[in-house]
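Below, read A as the first sequence line, B as the second, and so on, with proteins coming before strands; counting in each chain starts at 1.
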Amino acid sequence: MTGLRGIVARVRGLWRRDGIAAEIREEIDFHLAARADDYARSGLSADEARRKARARVGDVAIHVDRGYEVRGAGVMETMVQDIRHGLRLFRRQPVFAGIAILTLALGIGAATAIFSIVEAALLRPLPYPQPEQIVDVEVAMPQRGGEFVNLGPSLDDAAAWRRSTDVFSHLAASRGAGESVLDGPEPIRLDSFLVTSEFMPLYGVTPELGRLLVSADEEPGAPAVAMISHAVWQSRFGGQASAVGTTIRYGGEPVTIVGVTPSWFRADTDLWRPLIAATQQTFKVMRGSGGGTTARLRSGVTLEDAQRVLTTALPALPAGSQAPAASPRVVLTQELEQRLARYRPMIETLAGSVALILLIACVNVAGLLLARGATRQGEVAVRTSLGASRRRLIRQFLTESLVLSTIGGTVGILLAWLTLQTLLANIPLAVPADAPAGINGFVLIASLVLTMVTGTLFGLVPALRLSRDSLGSALARSGRQHGVALTRRGGQSLITVEVALAVVMLAGAGLMIRSFSRLVSHDLGFDPQRFVALDVIPAEPLPAVYAEYYQALVRQLRALPAVAAAGAIDVAPLVGGGSYTSATADGRSVSIIMRQIIPGYFEAIGLSATTGRLPADSDLASAEKTIVLSASAAARFFPGASPIGRQLVLMKVPRTVVGVVPDVRHGPPGAQRSEPNVYFPYEPDPTRIARGRGLTVLVATRPGATLPAADLRRVAASIGPRVIVDQVRSGAELFSAGVSLPRRRTILLSILGGFGLLLSIVGVVGMTSYAVARRTREIGVRMAFGARADQVVRAMLLDSVWPIAIGVGIGVGGAWLSTGVIKSFLYETTPTDPVTLAAVAVALALAGVVAAWIPARRAARIDPVSALRAE
Amino acid sequence: MPRTNSDQLHGTLDMLVLKILDDGPLHGYAIALRLERLSDDVLSVEEGSLYPALYRMEERGWLGSEWALTDTGRRARFYKLTRAGRAQLAAESKSWERLTAAVQSVMKA
């Protein structure tokens, strides 16, 4: 049978038992007929010959079965057969199958969920054409001591590059301009960005409506124009085409809308305005002034080439600046890579945790398979005696574990799909809103590959071990309950591995928890529980309006019966930020943070003066300018002397020190140490006001009294000018927002650590139960010889305690080496914090011993008589 | 005539089949007959052991097989040695000779 028919038969044989079985049957039938012919030739009748031949050959069906067992040449068909066989076995042992599938589902589910989020946040290509050619341009400036600091180039640098090089196709400068008020019936604050005309073309942006910004818009004296984002277009202009051409009042000046940016492009910016070089004096000449430069390299130009060319073309430093030993050089970073680098520690941590969970799951299931393997010795023996090759057996066992992992993986992917939104809300990675994370094709394929790898990983060891038993030894032992599939030593090693992996995971979680508890229990110098913060600004950006408004608002609030104190400050505590400047006293210049306040601020946060007095309302109107220093500022300006009554020059104005207050941590919790602060009465600044910056009003309530946010909003709106009340937040909420990122990290790592702990405890329970079951007979003998129950339990326990102890030791070592990954997440906690590592070690040792003790107790209940009879 | 249990002959049966096929392709029944005849009916092989052994050796690559017509015009599956099978036969005969020589020298002593 050659040619086409042979091929057809062979292909059919891949799928159907019939093909091979029929071939074997035909072969045996021929054998039968040939023998009958021989008998007939020796003189028997045809009937007699056939009967005799049949008796000699035996049952043809059995021969077909046995032959089939060996040949099973149809790969697919064998697989189907093995899968069926596996499913049958799992149905017969539902507890085993359930635990194994659940373990795998948790492992694969966690991996899938995390991966889908990482994929959405980082791996998905940027929505720009050839994103790899977009680079961020920086200049590495040499510092004293041989170090370099990367600074954004100045506009002059960019102009020089444009004149003398052509390595890029686009070069654009940009800088954030913060929020300003968009006036109207319902005034709001909008965030804006200043960009040069090539910025949008660089990213391949085409306007959704209207036109892009062009270089003519950057000429001094050109009419003020802006592009608005898709979201603003929808919310403020109802998506009407007439929005283009409309003139709005933004930051107090009229601006004409010329276009709308598409929704996929930088959705967090509301408004785009031309960057006009003439109004950017610092950005023009100074590197690192806060502006950024982005370029798109010409195709074919490498990063290194461009760096060299741009470095050569870098303008000389302005005359008069110190010439450092090294020269500055240009550093280009792919935007893609920059994004990756920002999240690298988090991703490494997540990937590491997920890998550990998966490993623990694999070890668990491998242990279960090995333990269960003991009950399959008989089956192995029978199949071997029928001529099944070792390869065939390994293939069967591997198929079974792949079936297991496929079911587990499917359940896991389902779990990931169900919990993804919850996870997403808690995961500290920025996922673009217009490209949400999901179980897409890419994630699905990755998960399936992972499932297959997992199945092979945990199935290989049991398959090799179970199939190794030679025919004789398996048959000899098949009558007995225990086998050699999982030796005592083997079970112990698995316990060690699981405990070690769990220690590493828990160490990560423990460090995060310890760091977080330090962060939230840190003494801020004031009590955030006392006050409520109200973000409000008048819609009209005029200094006079601002000065009057805040004073009036504070007066009105104080009149409320529930209010104990009210004041205001330019940057709310716990939010971070402030104006850095220097002030002079006694010829001594000190770098300080200046904070403008409306008196009542210190009373509202519960701070009193250590020397002198707090600012009073009378200071606002007084001709003499007054100022209050923080303790560290007082010590810097007037070391060893009383500062009260002394003069201090700030912003060219001499001010008299009237009081000293304690240092407080003004920034977000854990962000910075307290720095020298000076506080003086509010002097509205037109530039700040144009940027939408006002004051935050702080209100402390009387004990027992409540002050609904709605009341605050009503009072704020009732003063007179139209206002924008952005947020009303309690001090506790501000604090909580300040620690939200570390909190999310801590919760996430704790959940993952808990997962690891749970899985490894399941593993220890499983291994110990199996050890007890395996040694039933031995325990029976011991008890028959008079061993007490507690001695037996102790013996069983000791068998697990050693591997647990070794696992804890290895795990602590592993944690010591690997927790450096989360170093950047830790606040005042070293990655090898001995207290945490010790606590984790003790916790796991205890958990492990309890997990071993539960099944070990069962040993005491073994009845020696029945245990011996069972053999 | 005591029949020899084929289960004890696992490796030996393989070697004998290889040896028989060394002379040229044969179908299963012919192999069984040749085995009985060559050993003067001392060795008899059950069909239940012969065919699994043939399939196993085929899977290991020692044998190749092909359907063809017999002298009497019946379709039968013919087995023949592969290069690997020839090598295996050489190796097994060598170790067999060593073993029998050793046993003989013990028995004569």
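- Against chain B, the residues from residues 27-39 of chain A that qualify, each with a non-hydrogen atom under 4.5 angstrom away, are Glu27(A), Ile28(A), Phe30(A), His31(A), Ala33(A), Ala34(A), Arg35(A), Asp37(A), Asp38(A) in number order.
- By the 4.0 Å N-to-carboxylate-O rule, Glu36(B) lies close enough to Arg56(A) to be salt-bridged with it.
- In Arg84(A), the CZ atom is not crowded: 12 or fewer heavy atoms of neighbouring residues, nucleotides or ligands sit closer than 6.0 Å.
- Only the side chain of Thr70(B) comes within contact range of chain A, with heavy atoms under 4.5 Å apart.
- Classification of Arg77(B) and Glu26(A) as a salt-bridged pair fails, no side-chain N sitting under 4.0 Å from a carboxylate O.
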